[in-house]
Amino acid sequence: MKKKKVNLRDLNKTSSDTHKRKDAHNQSSAESIGKFKVYVPAIFSFVMLIVGIALDYFNAFPHFSGWIRILWYVIAYIPVGFPVMTEGLKSIKNGDFFTEFFLMSIATLGAFVIGEYPEGVAVMLFYAVGELFQNAAVKKAKRNIKALLDVRPNEALVYRENNYISVNPEMVEIGEKVQVRLGEKIPLDGILLSEKGSFNTAALTGESKPDTIAKGEKVFAGSINLDGVIEIETTKEFKDSSIARILDMVQNATARKSKTELFIRKFARIYTPIVVFLAIGLTFLPYFFVDDYVFSDWLYRALIFLVISCPCALVISIPLGYFGGLGAASKNGILFKGASYLDEMTKVNTVVMDKTGTVTKGVFKIKEIKAIGWKEPEFMKYLMAMEEQSTHPIAKAIMEYKADGEDFQASEVTEIAGKGLKGTVNGKTVLVGNKALMISNNIEVPSETDNIVESIVMVSIEGKFAGYVIIADELKDDAHDAIKQIRESGISKIIMLSGDKDSITQQVAKEMGIDTAKGGLLPEDKLNEVEKLMSENDGRVAFIGDGINDAPVLAASDVGIAMGGLGSDVAIETADVIIQTDQPSKIAKAIKIGRSTRRIVYQNIALAFGVKAVVLVLGAGGLATMWEAVFADVGVALLAILNAVRLQRMTWS
């Protein structure tokens with residue numbers, strides 16, 4: 001019987017895959033066990049508390065009194081109380097006395113002092129449970145924000161020494177050829193060498209629809225290859241790739257606090273010591289004013305006061321609200337470089353936008369060909385022969401024209417500054433350029449060209465006007481919808497500023513329904529216009545751009561928004577908000593996400609202050625027990641957390 005040949009490479013690969021699956025399974029099991037361990041102390045304390053309360057009220061164990069009862073509740077208290085007291089001591093060592101850990105420790109130990117053992121355990125238990133829920137919610141929000149870490153490519157198949165070898169993406173140099181197999185992630189930014197490819201770019205752009213790319217077009221690190229084996233040529237090092245840049249921005253986003261966050265943190269530092277001194281006053285001052293003063297009663301009220309006044313609901317739920325906003329934005333292909341920009345986005349009342357690359361595709365296409373006295377294919381061959389050596393975007397658009405037969409060759413081509421080209425094609429003198437070139441060579445130009453606002457390339461052959469080609473930049477698919485949505489979001493002042501010809505800018509603005517537009521602007525002109533708008537009555541300006549020339553305005557405006565795909569690296573680095581999908585319609589969505597975040601944060605502030613104020617008054621008057629205090633603290637914190645988590649499930653049309 002013929003033996004089947006065993007491929008050692010396949011065997012090793014199978015073995016490696018098996019080990020990876022086992023490692024993943026073991027890691028998953030370890031994580032599950034680790035998560036359960038976190039809840040063990042709270043579960044133990046809860047069981048001890050319930051059993052203790054049952055023994056207290058049903059007299060099932062007559063000897064459950066004295067030191068036995070105290071010891072029981074101390075054992076129930078330690079698993080949840082010890083970590084809190086430890087944190088309180090650490091804070092005191094660092095010079096921060098008045099923290100929520102300090103408040104909860106004093107309040108619960110005080111309950112033990114006056115003999116309210118079950119309530120002391122209950123308060124600390126519910127506080128610990130609240131902390132567990134808070135930590136779980138914060139971790140979930142952070143995971144949503146840092147979900148892009150999952151798309152970090154961990155290997156690249158690079159063509160070196162006549163073979164593809166696997167290396168770390170950070171070791172790949174610019175210009176190297178990389179192979180990407182079906183289902184694998186693009187390791188670095190580059191251009192596609194294969195004829196075409198289909199990619200899942202959801203991690204970068206938030207769009208689930210596959211993106212089809214043709215040969216020579218850009219592909220971005222982090223995209224998933226959906227269409228067989230492809231090859232790319234790298235154009236950036238890994239540290240400069242789109243995914244690395246996004247990861248850096250995401251990881252730094254939470255460090256930039258909003259003004260509301262900063263205020264609440266400062267407020268808590270002032271508010272907490274005031275509460276402590278009020279509690280001390282509530283304990284001792286009634287001695288001088290109340291005839292039947294009982295120390296334990298007033299101490300109990302003071303302890304309730306301390307529990308109620310703990311600021312943890314505010315300190316946790318507000319940052320969590322901003323985490324939720326940042327996470328929701330990143331899932332929608334919008335990257336805020338910090339929580340402060342979520343706040344700033346809500347104050348914007350004027351939107352200023354660039355044209356090329358922002359509301360247009362930034363790619364010139366032939367809109368119309370008009371040949372006079374020549375057949376169109378032959379006319380275009382003369383024009384293409386002249387434009388063949390040029391790298392200008394208009395020349396590239398012309399070279400995309402497909403004409404049957406052999407191409408013509410141009411010779412003696414010279415550039416006439418500011419006007420165009422002159423050369424010889426098939427023994428004929430050919431001029432290609434603008435109207436000024438035609439006039440200077442005594443070529444009669446048809447009057448119909450006077451009404452054309454788009455870019456126009458005129459051609460003369462042997463001293464006669466042979467025709468023209470109109471080149472135009474296309475509007476992005478969602479450009480009209482973007483203006484509509486921005487207006488619906490409450491912003492009526494939309495302005496277009498462009499370096500392109502004023503006539504073209506005005507035409508695009510009119511087509512999109514933008515009231516005010518200015519073209520022919522230099523970067524400093526754009527900056528002056530935006531600064532003028534910002535100086536007007538309460539002017540809060542968001543500027544949207546994509547080019548290097550937009551960087552000064554992006555930096556100066558209240559909120560700078562850059563297009564992340566077509567945008568230059570300088571614009572992306574300078575901007576406060578990045579639209580990864582290059583869709584201008586995402587601007588309105590960014591405004592809506594900012595407003596939803598602010599609404600959630602304000603709701604949490606009102607909820608925390610409102611409930612605490614009511615229960616504080618009741619507690620000081622002896623009308624509230626520790627159970628009401630627990631609700632006012634832990635209950636309100638949990639409600640605020642659940643409210644903040646809603647952001648991660650919201651959708652914005």
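Keep in mind the model is a prediction, meaning the values are calculated, not measured. Computed over heavy atoms, backbone and side chain alike; hydrogens, waters and symmetry mates excluded.
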request  = Take Val351 and Ile544 through the side-chain contact (heavy atoms from CB on, under 4.5 Å) test and state the conclusion after the steps.
outcome  = CA-CA 8 Å; Val351 168; Ile544 304 102; 3.3 Å; yes

Residue pair Lys347, Glu344: steps toward the side-chain contact (heavy atoms from CB on, under 4.5 Å) verdict = CA-CA 5 Å; Lys347 301 170 188 173; Glu344 287 297 321; 3.8 Å; yes

Please examine the side chains of [Y] and [X], heavy atoms only from C-beta on, and report whether any two atoms are closer than 4.5 Å.
X: Thr597; Y: Tyr322; value: yes
X: Ile578; Y: Lys337; value: yes
X: Asn225; Y: Phe199; value: yes
X: Gln485; Y: Asp478; value: no
X: Gln583; Y: Lys589; value: no
X: Asn332; Y: Lys592; value: no
X: Met563; Y: Thr358; value: yes
X: Ile334; Y: Ile579; value: yes

Which atoms form the tightest heavy-atom contact between [X] and [Y], and what is the distance?
X: Pro584; Y: Ala482; value: C-CB, 3.5 Å
X: Thr346; Y: Asp343; value: OG1-O, 2.5 Å
X: Trp298; Y: Thr283; value: CB-O, 3.8 Å
X: Ile491; Y: Asn349; value: CG2-O, 3.6 Å
X: Gly183; Y: Ile224; value: O-CG2, 3.7 Å
X: Asp56; Y: Pro118; value: OD2-CG, 4.0 Å

Any donor-acceptor pair under 3.5 Å linking the side chain of [X] with the backbone of [Y]?
X: Asp558; Y: Ala542; answer: no
X: Ser489; Y: Ile486; answer: yes
X: Ser45; Y: Ala42; answer: no
X: Lys476; Y: Asp582; answer: yes
X: Asp189; Y: Lys236; answer: no
X: Asn643; Y: Leu639; answer: no

request  = Go through Ile483 and Met353 one step at a time and tell me if the side-chain contact (heavy atoms from CB on, under 4.5 Å) criterion holds.
outcome  = CA-CA 11 Å; Ile483 302 302; Met353 55 180 63; 3.9 Å; yes

Looking at [atom1] of [X] and [atom2] of [Y], how far apart are the two atoms once the value is rounded to the nearest 0.5 Å?
X: Glu184; Y: Ser223; atom1: CD; atom2: OG; value: 13.5 Å
X: Phe101; Y: Lys90; atom1: CZ; atom2: NZ; value: 9.5 Å
X: Phe336; Y: Ile561; atom1: CZ; atom2: CD1; value: 7.5 Å
X: Ser105; Y: Leu89; atom1: OG; atom2: CG; value: 7.5 Å
X: Leu647; Y: Leu326; atom1: CG; atom2: CG; value: 10.0 Å

request  = Dump the intermediate steps for side-chain contact (heavy atoms from CB on, under 4.5 Å) on Leu49 and Tyr73, then the final yes or no.
outcome  = CA-CA 7 Å; Leu49 176 63; Tyr73 283 115; 4.1 Å; yes

note = For residues 486-495, the salt bridge (Lys or Arg N to Asp or Glu O under 4.0 Å) pairs (sequence neighbours left out) are Arg487-Asp515, Lys493-Glu536

Just list the side-chain donor-acceptor pairs under 3.5 Å for residues 75-85, sequence neighbours left out, or say none.
{"residue": "Tyr77", "atom": "OH", "partner": "Thr108", "partner atom": "OG1", "Å": "2.7"}

key: Qualifying residue, where the test is side chain to side chain contact (heavy atoms under 4.5 Å, CB included) with Val541 and the options are Thr350, Val553, Ile495   =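 Per the side chain to side chain contact (heavy atoms under 4.5 Å, CB included) rule, the option paired with Val541 is Thr350, out of Thr350, Val553, Ile495.
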
request  = Applying ring pair (Phe, Tyr, Trp, His ring centres under 6.0 Å), name anything that partners Tyr117, two or more places apart in sequence or on another chain.
outcome  = Phe112

